[in-house]
Amino acid sequence: MASTIQVRVDDDLKMKLDKLFKDLGIDTTVAIRMFLTQTAKGLSEYVLKSRIYQLNSTVRHCEKKGKGVG
């Protein structure tokens with residue numbers, strides 16, 4: 001059985017992330033599912049912070065390249 005999680009986010013943030021994840025070859029739902037799965041598997045706090053940092057770096061890089069995520 002699968003459960004549904006609903007999250008409210010700013011429309012602009014959703015658009016930016018949808019574009020970012022599309023550029024990475026996944027959609028936002030898959031990205032969230034990946035994050036939750038990895039967290040449930042017991043990622044250390046260090047690894048989790050590192051991955052969040054990497055995602056933030058990717059967003060900043062795309063903003064600088066003018067790919068419309070910023």
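Scored by the salt bridge (Lys or Arg N to Asp or Glu O under 4.0 Å) test, Asp27 finds no partners at all (sequence neighbours excluded). Qualifying side-chain contact (heavy atoms from CB on, under 4.5 Å) partners for Ile26, counting only residues two or more places apart in sequence or in other chains: Phe21, Val30, Ala31, Met34. The side-chain hydrogen bond (donor to acceptor under 3.5 Å, both in side chains) search around Ser50 returns none, not counting sequence neighbours. Every residue two or more places apart in sequence or in another chain was checked for a side-chain hydrogen bond (donor to acceptor under 3.5 Å, both in side chains) with Lys22, and none qualifies. Every residue meeting the salt bridge (Lys or Arg N to Asp or Glu O under 4.0 Å) condition with Lys49, not counting sequence neighbours, appears here in chain and number order: Glu45. For Asn56, the side-chain contact (heavy atoms from CB on, under 4.5 Å) criterion is met by Ile52, Arg60, not counting sequence neighbours.
Within the 4.5 Å cutoff, side-chain heavy atoms of Leu36 are placed close to those of Ile5. Side-chain contact between Lys16 and Leu20 is absent, with no heavy-atom pair separated by less than 4.5 Å. Within the 4.5 Å cutoff, the side chain of Thr37 has no heavy atoms near those of the Thr39 side chain. Asp10 has its side chain out of reach of Lys14: every pair of non-hydrogen atoms, C-beta onward, lies at least 4.5 Å apart.
Rounding to the nearest 0.5 Å places OG1 of Thr28 at 6.0 Å from CG of Leu17.
More than 12 heavy atoms of other residues, nucleotides or ligands sit less than 6.0 Å from atom CG of Leu13.
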